[in-house]
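Below is one structure, written out as structure tokens, with a few remarks after it.
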2 protein chains.
Amino acid sequence: MNRPEPDPALRATTRTRIQSRNREIIVQAALEVFSTYGFRGTTLDQIAAKAGMSKPNLLYYFPRKEGIYVAVLEETLTEWLEPLTRLDEAGDPVDEIRKYIVLKLELSRRNPAASRLFANEILHGAPSIGGFLTGPLRALVDEKSAIISRWIAEGRLAPVDPRHLIITIWAVTQHYADFDVQVRAVLGSEAEPIPDAEATILSIFLNGLRPR
Amino acid sequence: MNRPEPDPALRATTRTRIQSRNREIIVQAALEVFSTYGFRGTTLDQIAAKAGMSKPNLLYYFPRKEGIYVAVLEETLTEWLEPLTRLDEAGDPVDEIRKYIVLKLELSRRNPAASRLFANEILHGAPSIGGFLTGPLRALVDEKSAIISRWIAEGRLAPVDPRHLIITIWAVTQHYADFDVQVRAVLGSEAEPIPDAEATILSIFLNGLRPR
DNA sequence: GCCAAACTTGACTAAACGGTCAAAACGGAC
DNA sequence: GTCCGTTTTGACCGTTTAGTCAAGTTTGGC
């Protein structure tokens, strides 16, 4: 009755130190669990245990399981987009593509959990982030595709469909995070796969894209 | 008591017509459901409904949920491997790679559910088919990598790590099945993505791999 | 047509799980 | 130290879901 703000998750403007700290702890714990078991495969008890708190306390910060999931996804998406935003029209085309591939591979190595979380969401039809795909993501791809098209028109890059080029780069870079188990099984060595992957991918793509 | 063979799933050798028919119906229904919702997200009731039979009857043929899942995966894996087995040392290297990419893309278009099922299983750490990855899959990749290595040694293909080449081809081809929602959101058109994807991928890979 | 084996299902159970609630513990301002 | 809002939790509830069971129906060989 005299509880004017029953939901701390809604008060983004006024957060206590404890709230910011615990929300961060929860999101980190949830990222690990969700990325391993998926949304349906994850239980609140697992997240609570990993975050070191009781389940009701978890629900004090995020009243619904889906709220935790969306919070984790949102934090992940910004990081995911960032490398593409850096693609610079003023740079050398082949070198810009090289930098983009290197950045995306580094992200796959540094934060494979985020990549897997994202992959899982898309694989199941993007129920929680469909709007992100058709909104900000598509807009960014449109913008960067235009740059690539101009490079091609100037004869500074081999003629390919710029959107499929971007999609293809996503595919080869994220694959090393999402399918890590398979990659390691097939390679059979203890060595980190990504350095060799980088050499191979750069060789194929940069030779394949160099104007002739 | 006088039920010497209580589990029809174990009697692979002696199956009635009804058994073969219903097992096939179940596996088909389960593929659709598992590939959409994942293992945990799928309920036996969904599979039973799609297969047009009662849940207890479903469990008459597959006593455990996991048994259905493994059966679907096994049927899928054979199809998944097939294109790579066709890579022919006697053929022209660049043309053999081209054929392989085309076949894998065709598979993605014809049976995206199978690709997604497989992707989901790997993404979650391959709990049910770890042995397939380190066994038959790795063996096949070893065998075909050797062929590619010889092509490179003969100067008939640009020098790249053959295992990473195969992995990279998997990545770009399966991506169009697994991430279909994202691909369509980014392209924004109603057109089928795969024909344009094929042109782009072939252009990059074949130019990238042609010896220079 | 009869019979036994094969097949099918409605009704049920036990466990897992998302979420609630009321009450206790804590913390910072005075 | 007192007080009040914030944080924390044990106990609980309703639903969902994998799997059981016993009884019914169908099928195929004779």
Side-chain angles (χ1 to χ4, degrees), chain A residues 1-27 29-30 33-34 36-72 127-128, chain B residues 1-27 29-30 33-34 36-72 127-128:
Chain A
M1 236 184 248
N2 50 353
R3 201 168 30 153
E5 294 282 5
D7 180 0
L10 298 176
R11 277 175 306 152
T13 47
T14 48
R15 256 182 218 160
T16 66
R17 278 195 310 284
I18 295 178
Q19 268 172 39
S20 325
R21 191 180 122 265
N22 280 350
R23 286 178 62 96
E24 186 50 36
I25 289 173
I26 291 169
V27 167
V33 186
F34 278 133
T36 308
Y37 302 104
F39 179 72
R40 289 286 303 268
T42 293
T43 71
L44 293 180
D45 286 300
Q46 283 175 289
I47 301 176
K50 184 142 284 188
M53 66 183 67
S54 67
K55 184 170 63 170
N57 204 24
L58 193 73
L59 289 160
Y60 173 71
Y61 291 100
F62 292 90
R64 320 265 319 159
K65 183 187 180 184
E66 170 122 30
I68 310 178
Y69 182 66
V70 171
V72 178
S128 300
Chain B
M1 230 181 255
N2 49 353
R3 204 169 28 155
E5 295 282 0
D7 179 0
L10 298 176
R11 275 176 306 151
T13 45
T14 47
R15 257 181 218 159
T16 66
R17 277 195 309 284
I18 296 179
Q19 268 174 39
S20 323
R21 190 180 123 265
N22 280 351
R23 285 178 62 96
E24 186 51 34
I25 289 173
I26 291 169
V27 167
V33 187
F34 278 134
T36 308
Y37 302 103
F39 179 73
R40 288 287 302 267
T42 293
T43 71
L44 293 181
D45 286 301
Q46 284 175 289
I47 301 175
K50 184 143 286 191
M53 66 182 67
S54 68
K55 185 169 63 169
N57 204 23
L58 195 72
L59 288 160
Y60 174 72
Y61 291 100
F62 292 92
R64 319 265 318 159
K65 184 185 180 184
E66 170 123 29
I68 309 178
Y69 182 67
V70 171
V72 177
S128 300

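Proteins come first, then strands; the chains are lettered A, B, ... in the order of their sequence lines, and each starts at number 1.
Contact check for A/I26 versus A/V72: no side-chain heavy atoms found under the 4.5 Å cut-off.
Checked against side chain to side chain contact (heavy atoms under 4.5 Å, CB included), B/R21 has the following partners two or more places apart in sequence or in another chain: B/I18, B/I25.
For B/R40 and C/dC17, the shortest distance from a side-chain N or O to OP1 or OP2 is below 4.0 Å. Dashed line: the shortest gap from a side-chain N or O of A/N57 to OP1 or OP2 of D/dT7 is not under 4.0 Å. Applying the 4.0 Å criterion to OP1 and OP2 of D/dT7, one finds that A/Y60 has a side-chain N or O inside that range. Between C/dT8 and B/N22, a contact under 4.0 Å exists linking OP1 or OP2 to a side-chain N or O. Using a 4.0 Å cut-off, some side-chain N or O of B/Q19 falls inside it from OP1 or OP2 of C/dC7.
Below 30°, between 30° and 60°, or above 60°: for B/F34 and B/Y69 the angle between ring planes is above 60°, a perpendicular geometry.
When rounded to the nearest whole Å, the span between CG of A/D45 and C1' of C/dA15 equals 13 Å. As a whole-Å value, the separation of B/R23 CZ from C/dT8 P is 13 Å.
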Just by protein heavy atoms under 4.0 Å, how would nucleotides 19-30 of chain D read 5' to 3' in B, S and -?
BBB------S--
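When heavy atoms are screened at a 4.0 angstrom cut-off, B/R21 is found touching no nucleic acid atom at all. As judged by a 4.0 angstrom heavy-atom cut-off over every strand, B/T43 is placed among residues touching the sugar-phosphate backbone only.
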